[in-house]
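Below is one structure, written out as C-alpha cells, with a few remarks after it.
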Amino acid sequence: MSVPASLRSSVSTAVALLLLAALALVPLAAEVFEDPFLLTLFTRIVILALAAVSLNLILGYGGLVSFGHAAFIGVGGYSIGILAKHGMYAAWIQWPVALLMSALFSLLIGLLSLRTRGIFFIMITLALSQLVYYLANGAYAYGGDDGLTILKRTDFGGLINLSHRPSFYYLCWALLVLSLFLTHRLVNSRFGMVLRGAKSNDRRMAAIGFPVLRYRLTAFVIAGTVCGLAGALLATHTDFISPAMIHWTRSGDMIVMVVLGGMGSLFGPLFGAVSFLALEEILSSYTEYWKLVFGPLLVLVVLFARGGIDGALGRGHGGILLGIIGGFFLLHGVHLVYGDDWAIPGALLLGCVALVGLVHWLRRHAKSGDKP
Amino acid sequence: MTLLIFEQFLNGLQIGLLLFLLAAGLTLVFGIMDMVNLAHGSLYMMGAYFAAVFVQWTDSFVLGAILALPAGMLLGVATEYVALRSLYARDHLDQVLATFGLILFFNELARLIFGAGGMAIELPALLAGQIEILPGLPYPTYRFAIIAAGLLCAGFLFLLVQKTRLGMLIRAGASNREMVGALGVDIKLLFTLVFGLGSALAALAGLMAGPISTVQIGMGDNVLILCFVVIVIGGLGSIRGAFVAAVLVGVLETMGRAFLPNILGSFLNPSEAGTLAQALSSMLVYILMAGVLVLRPAGLFPAPGR
C-alpha cells in the first residue's frame, strides 16, 4: 500500500494546517469553556513546539544528534530574567539580547562540538549543556538553584501587551507559524540541500567542495537562536527562570518530541510537541505514575514507528493513528466516569500490554531470522 | 593542611572508584555492542533500592548486599533480553531514545514500589566507626571499605579482561564484532553476559553508595552523566581508561568542592562562595572533558581497533 509522494506530503500538510487552525482557536475555546488552564497548557505546547521545530533543523535535516538543546532555552530565558532583575523591561533591549546571547552560545557550543561526530557529538553537546546548567546553578545573584521570579513582563510599548494572556498566546502562535514557514524556505533552499546532503554523506559533500563544517555551524546557530527565542517566551510564560529549564532530561524530552512527530519532516516537531505534551497532561491526570506508561510507549515508538506521526500519516496509517487517539479518549472517558480507582491498575495493565507486545514483536523478529 | 589534602584525596578516590564501577560496565557495553545505554544509571538506582529492601528484610548488611547483587544482575539481564537486544543494530539516536524511555519507566517503577521518600541503608557496627589510617588522621571505616572494595573490583576486572578466555572474547568483540561471531562465538550470549556483569557492577556501586547518600528516585540520573564524562575522557571501551578517568574526575570534583569555598570565601560572603564553589567544581569536570575531546578526540586511552 504505497501512497504517492506528492499525496503523502499533502496529507501531512493538510493535517498540520488543520492543527494550526485549531491551535489558533484555543483562546476562544478557553473563553467559551471558562477554562483558563486550557490557555496555559496550550501556550506551553506552542512554545515547546517552536523549540522542537528549531531542534528538527539540526537533528532531522542535519542529522546532528544534539543532546544539549535545552541549554539554549536556558540562555534565552536567563537573558530575559537577568535583564528584568536589573529593571530593563523594554522589548528592544530584552529580545535582541536574548537572541544575541543564544546565537553566541550556540556558536561557541557548535564550534567545539561539531569537530566531533557520532557518539562523541551526543556526549559533548550533553556535557556543554551541563556546563550551562551548572552556570545557572552557580549564578547566586540570580537565585542559584532556587531560580528567579520575573516581576514584570517584557514591555512592547503600546504594540502588544504580554500580560494579556490571549495576546501573548497569539504572539507565540504567530512565531511558531513563522518558524515553520522559514524552516520550509530554508530546507528547500541551496543551503538546506547542502545540509541534507551532509546528513546522508558528509565526506562526499566535502569532496564535492562544500565546507560542510561551516554549513553545519550556521544551521546550529540558527537552531540555537530560534530555541533561545522559545526560551525567552517560556520564561515570560512562567514568569520564572531556574536551572531546571536546562536539565538534561529537558533536552531528552525535546529529542523525543522531534522523533515522535517525525524527524526531518516540516510538521513533525509540531505533531510531536502537541502529542507529547497532550499525552503528558492526559496520562498524568490518570495517575501520578504516568511515566510508567510513557516510558515503554517511547520504547515501542522507537521500535515500531520509525518516522513518527508524520511517517504514519504518509504511509496511509492515518486510520490507525485515529484509532489510537480514539481509544485514548475512550479510556479517558472511562477514567472520568469511574474516577481514580482505575488509575493504577489501568496504568499497570497498559504497561503490561506494552511489554507483551514488545516481547511478541521480538519473538516474531527472531523467527524471521534476524541477522546480527 | 597536608593531612586535609590527603583526606580529601581519599574522599575523591572513593567517589572515583564508585564512578569506575559504573563506568566499567557502561564502557564495556559501549565498546563491544556500540550501544548507548542511558538506563545504566537506573540499574545503579535499582541496585541501591534492592540493597535497602534486603537489608531491612534480613537485618544484616552483608546478607542484604549479597542478595542485592544477583537481583541487580537479573534485572539487567531481563532488561537486555526484553528491550535492548533489538536495539544493537539501530543507530545511536534510537538507542538514546529507547533507553531514555527506560529511565522514565524505572524511576516511576521505583516510586510506585518503594515510595517517593528516600530509603536509608543502616551500616553494621563494624563499618560504622572510624579507623586511624595515619597517625592523627581518623577516617570513616565505611569509606575506607569502599576504597578497598573498589580497588579489589578493579583488580578483578583487570584479571578477567586480560587473563581469562572470557576477557579475550570481550576484547576481541570490542575490536571486531562480526569477526568474533564468524569464528563461532555465540555473540548474543557474550553480550548478555557482559551486560549482566555491567549490571552487577552498577548494583554494587549503588548499594555501596546507599549508606553515604540516601537511596532516592533519580539518584542514577546525575551519576550517569558523570559516567559518560568518565568514559569519554578515558576512551570508549577501555577499562584502563575508565579507571584513570574515574579517579581523575572523582578527585577533581572533591578537591574543588573542598577547597574552592575557602579560596572564593576570601573575597565573597560564605553562602555566595558556597553556591559558586559547588557550581564551579561541577563545571571543572565538564571543562576537563571538553578539553580532552578537543585535544584527544578518542579519549586518553582509546581501545585498540576503533
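The chains referred to below are lettered A, B, ... by the order of the sequence lines, with proteins before strands, and numbering in each begins at 1.
- Most heavy-atom pairs under 4.5 Å with chain B, from the set I119(A), N137(A), I255(A): that is I119(A).
- Both the backbone and the side chain of L131(A) come within contact range of chain B, with heavy atoms under 4.5 Å apart.
- Of all heavy-atom pairs between F228(B) and L126(A), the closest is CD1-CD2, 4.3 Å.
- Below 4.5 Å, heavy atoms of chain B meet heavy atoms from L112(A), all part of residues 105-113 of chain A.
- Only the side chain of I103(B) has a heavy atom closer than 4.5 Å to any heavy atom of chain A.
- For I122(A), the part lying under 4.5 angstrom from a heavy atom of chain B is the side chain only.
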Please set out all donor-acceptor pairs under 3.5 angstrom arising from side-chain atoms of residues 59-72 of chain A, sequence neighbours excluded.
{"from": "Y61(A)", "atom 1": "OH", "to": "L266(A)", "atom 2": "N", "distance (Å)": "3.2"}
{"from": "S66(A)", "atom 1": "OG", "to": "G68(A)", "atom 2": "N", "distance (Å)": "3.4"}
{"from": "H69(A)", "atom 1": "NE2", "to": "S54(A)", "atom 2": "OG", "distance (Å)": "3.1"}

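- When the candidates L38(B), L280(B), V229(B), D221(B) are compared by the number of heavy-atom contacts under 4.5 Å with chain A, D221(B) comes out ahead.
- Counting heavy-atom pairs under 4.5 Å between each of L135(A), L128(A), T116(A) and chain B puts L135(A) at the top.
- For D253(A), the parts lying under 4.5 angstrom from a heavy atom of chain B are both the backbone and the side chain.
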Show your working on side chain to side chain contact (heavy atoms under 4.5 Å, CB included) between Y134(A) and V285(B) and close with a plain yes or no.
CA-CA 11 Å; Y134(A) 285 113; V285(B) 173; over 6 Å; no

Show the numbers, then the answer: is there a side chain to side chain contact (heavy atoms under 4.5 Å, CB included) between M123(A) and I231(B)?
CA-CA 10 Å; M123(A) 292 299 143; I231(B) 59 178; over 6 Å; no

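- Rounding to the nearest 0.5 Å gives a distance of 7.5 Å between NE2 of H247(A) and CD1 of I225(B).
- Note: E108(B) leads Q95(B), M289(B), H92(B), E108(B) in heavy-atom pairs under 4.5 Å with chain A.
- Neither the backbone nor the side chain of L84(B) has a heavy atom closer than 4.5 Å to any heavy atom of chain A.
- Proximity to chain A (any heavy atom under 4.5 Å) is restricted, for V96(B), to the side chain, taken from C-beta onward.
- Interface remark: of the candidates P243(A), A139(A), A141(A), G138(A), G138(A) forms the most heavy-atom pairs closer than 4.5 Å to chain B.
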